[in-house]
Amino acid sequence: MGDLLINNVRVMQPGRGIIGDSLRISNGKVSVDDAPVESTEIIDGGGRLLTPGLIDLHTHGLHHHLYEASPEELVNCAGLLGRYGTTTALPTLYTVMKRDSLKKVEALAEAMASVDTACLPGFHMEGPFLKITGAGADTIPGDVGLLKELLAASGDRVTAMSISPDTANIIPVIEYLTERGVVSFITHTKASPEQTAAAIEAGARHATHFYDVFPLPEETDPGARPVGAVETILADARCTVDFIADGVHVHPMAIRAAFAAKGTEGVCLITDSNIGAGLPAGVYESPWGYPIRTAPGRAARMERPGHKLHGVLAGSALTMNEGIANLRRWLDIPDDQVWAMGTTNPARAARLPDKGHLQPGADADLVLWDEDNNGRFTANRTWVGGRCVFSR
């Protein structure tokens, strides 16, 4: 792979700010040397913002595609990420973590290994060891035997697994995941402070789609507000959190509160995107036997007239670039800290040390952005490992 020099740009280092006006890429990595050699390709960035690529820790699909639907769908879905400035994603599975679906997991893992349009370091398995169900998620007790089968079927391509601290027999599951280097994400829970603290001690260090499916414990003493998983996670400095920043799943004030508790490095942006994300408002077919309706300010919802689940949230219609724009509007913090929530912070949460920053030696996953008058960002060009995967 040849060298690339991107000139006339505003190079954004998340957490630090603008650090220069050019960036050199050599052999797929960020280089410290700005001097071009004879074979260097030189690009004029036109004064645009250049950032690390966005990292989505929790995404189910884009456009008409669902990652877990089939190997072909996974490849097609990954191929769309670059146009939204996402260079790394954890394809999130939530209906196939069963013994009768292991062959499907194997096929998806094989397809993921072949993707070159984005970096897919591993799956995020949303379940099956959850306490409260979601849109299709399983709720079964902890089972280390099943866990081993799932990891084997994936070819050990699992980066994160969502668990509930109040699921029976969950501590051995968390401990085994920690031993294998898989990050345990806390979610779908009504756990007590004691249950949550035990999960953290066992190795859980992150909470996903925070506030969503984290119901308030029941009030047992009138007038005494109950405390549960949310407060325990906010109080523990070892834990990071992520939010669906679409303005529907969680109020911006909750994100501000978490930012105040966790600081600049403890809060991440995710999409939890589903079918319809990135498309105009409308009704889109899904593989579940009912359509999904998306609309501005409404997220993605089940379209099942006459059914008790009609209008219930079914993931989001958010893309990562839209999430960044929302956070910039809602949070009174420097831009570099907002960008960290979509780059450096999720890279740290997922233990991806070469992603999410522009230090020399980092993977050259980059996005050159167009910005409109409303503060919305659109990818002009996207690189993964120094190779252009999208150009507008």
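Here the structure is a predicted model, which means the values were calculated and not measured. No hydrogens, no waters, no symmetry mates; every other heavy atom, side chains included, goes into these values.
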- [ ] Please determine, by modelled atom types, if S26 and D3 share a side-chain donor-acceptor pair under 3.5 angstrom.
- [x] yes
Open item on the list: Using side chain to side chain contact (heavy atoms under 4.5 Å, CB included), reason through V389 and R387 one step at a time and then give a plain yes or no.
Closed with: CA-CA 6 Å; V389 296; R387 188 172 64 87; 4.0 Å; yes
- [ ] For T178 and A202, work out which heavy atoms get closest and say how close.
- [x] OG1-O, 3.4 Å
TODO: Please check if the distance between the ring centroids of H209 and H249 is under 6.0 Å.
DONE: no
Task: D332, CG atom: more than 12 neighbouring heavy atoms under 6.0 Å - done: no
Task: Closest approach of L151 to V182 (non-hydrogen atoms, all atoms of both residues) - done: CD2-CG2, 4.5 Å
TODO: Please confirm whether the backbone N or O of K131 pairs with a side-chain atom of S164, one donor and one acceptor, at under 3.5 Å?
DONE: yes
Open item on the list: Do T87 and C119 make a side-chain contact, defined as non-hydrogen atoms from C-beta onward lying under 4.5 Å apart?
Closed with: no
Open item on the list: Assigning hydrophobic clusters by single linkage (Ile, Leu, Val, Met, Phe, Trp, Tyr; side-chain heavy-atom cutoff under 4.5 Å), is I18 placed with I324?
Closed with: yes
Task: Derivation and outcome, salt bridge (Lys or Arg N to Asp or Glu O under 4.0 Å), residues K104 and E68 - done: CA-CA 9 Å; K104 188 166 188 177; E68 71 171 29; over 6 Å; no
Task: salt bridge (Lys or Arg N to Asp or Glu O under 4.0 Å) between R225 and E231, intermediate numbers included - done: CA-CA 12 Å; R225 189 182 191 279; E231 292 80 7; 3.1 Å; yes
- [ ] Check whether any side-chain heavy atom of F259 lies under 4.5 Å from a side-chain heavy atom of V241, and answer yes or no.
- [x] no
Open item on the list: Under a 4.0 Å threshold between the charged nitrogen and the carboxylate oxygen, would D363 count as salt-bridged to K355?
Closed with: yes
Task: Under 3.5 Å donor-acceptor, K262 side chain and C239 backbone - done: yes
Open item on the list: With no hydrogens and no angle check, just 3.5 Å: does a side-chain donor-acceptor pair link T139 and T133?
Closed with: no
- [ ] Please state whether the rings of Y284 and H64 are parallel, tilted or perpendicular, taking 30° and 60° as the class boundaries.
- [x] perpendicular
Task: Side chains of T378 and D370, donor plus acceptor under 3.5 Å - done: no
Open item on the list: Salt bridge check, R180 against D156: does any charged N sit closer than 4.0 Å to a carboxylate O?
Closed with: yes
TODO: Please confirm whether the backbone N or O of L368 pairs with a side-chain atom of N380, one donor and one acceptor, at under 3.5 Å?
DONE: no
Open item on the list: Give me the atom names and distance for the closest heavy-atom approach of D166 to T189.
Closed with: OD1-OG1, 2.7 Å
Task: Among H58, R205, H124, side chain to side chain contact (heavy atoms under 4.5 Å, CB included) partner for F185 - done: H124
TODO: Mark yes or no for whether T232, through its side chain, and G228, through its backbone, hold a donor-acceptor pair below 3.5 Å.
DONE: yes
Open item on the list: Donor-acceptor pair, distance only, cut-off 3.5 Å: does the side chain of H357 make one with the backbone of T344?
Closed with: no
Task: Non-hydrogen atoms of P52 and T343 that approach each other most closely - done: O-CG2, 3.7 Å
Task: Flag, side chain of R348 to backbone of T240, donor-acceptor distance under 3.5 Å - done: no
- [ ] Please determine, by modelled atom types, if D246 and S316 share a side-chain donor-acceptor pair under 3.5 angstrom.
- [x] no
Task: Side-chain ion pair, R157 and E106, N-O less than 4.0 Å - done: no
- [ ] Test R10 against D21 for salt bridge (Lys or Arg N to Asp or Glu O under 4.0 Å), laying out the working first.
- [x] CA-CA 5 Å; R10 293 171 289 129; D21 58 10; over 6 Å; no
Task: Contact check, side chains of M341 and L327, non-hydrogen atoms, under 4.5 Å - done: yes
Task: With L366, the side chain to side chain contact (heavy atoms under 4.5 Å, CB included) member among L23, T382, V384, T51 - done: L23
Task: Sidechain-backbone polar pair: Q13 side chain, L358 backbone, donor-acceptor under 3.5 Å - done: yes
Open item on the list: Is it true that, when you exclude R298 itself, more than 12 heavy atoms of the residues, nucleotides or ligands shown sit nearer than 6.0 Å to its CZ?
Closed with: no
- [ ] Take L50 and I6, measure what side chain to side chain contact (heavy atoms under 4.5 Å, CB included) needs, and give me the verdict at the end.
- [x] CA-CA 9 Å; L50 183 72; I6 309 173; 4.2 Å; yes
TODO: Test salt bridge (Lys or Arg N to Asp or Glu O under 4.0 Å) on E149 and R99 and set out the steps.
DONE: CA-CA 8 Å; E149 293 179 56; R99 284 190 168 90; 2.8 Å; yes
Open item on the list: I need the single residue from T92, N274, D272 that forms a side chain to side chain donor-acceptor pair (under 3.5 Å) with H60. Which is it?
Closed with: D272
Open item on the list: Working note: L318 + N326, criterion side chain to side chain contact (heavy atoms under 4.5 Å, CB included); need CA distance, chi angles, decisive distance, verdict.
Closed with: CA-CA 10 Å; L318 188 68; N326 290 340; 4.1 Å; yes
Task: ILVMFWY cluster, V213 and L216 together (side-chain gap under 4.5 Å) - done: no
Open item on the list: Under a 3.5 Å distance rule, please check whether R392 uses its side chain to pair with a backbone N or O of A379 as donor and acceptor.
Closed with: yes
Open item on the list: Is it the case that the side chain of N345 and the backbone of T264 share a donor-acceptor pair, with hydrogens and angles ignored and the cut-off at 3.5 Å?
Closed with: yes
Open item on the list: Whether R376 and E371 form a salt bridge (side-chain N of Lys/Arg under 4.0 Å from carboxylate O of Asp/Glu) is what I want to check.
Closed with: no
Task: K98 and D100 ion-paired at < 4.0 Å - done: no
Open item on the list: With rounding to the nearest 0.5 angstrom, report the NE2 to OG distance, H206 to S162.
Closed with: 8.5 Å
Task: L120 vs M112, side chain to side chain contact (heavy atoms under 4.5 Å, CB included): CA-CA, chis, key distance, verdict - done: CA-CA 7 Å; L120 306 181; M112 185 166 65; 3.6 Å; yes
- [ ] Flag the pair W339 / F377 as yes when their ring centroid distance falls below 6.0 Å, and as no otherwise.
- [x] yes
Open item on the list: Closer than 3.5 angstrom, by distance alone: can the side chain of R304 be matched with the main-chain N or O of Y290 as a donor-acceptor pair?
Closed with: no
Open item on the list: For E218, is the CD atom crowded, meaning more than 12 foreign heavy atoms sit under 6.0 Å from it?
Closed with: no
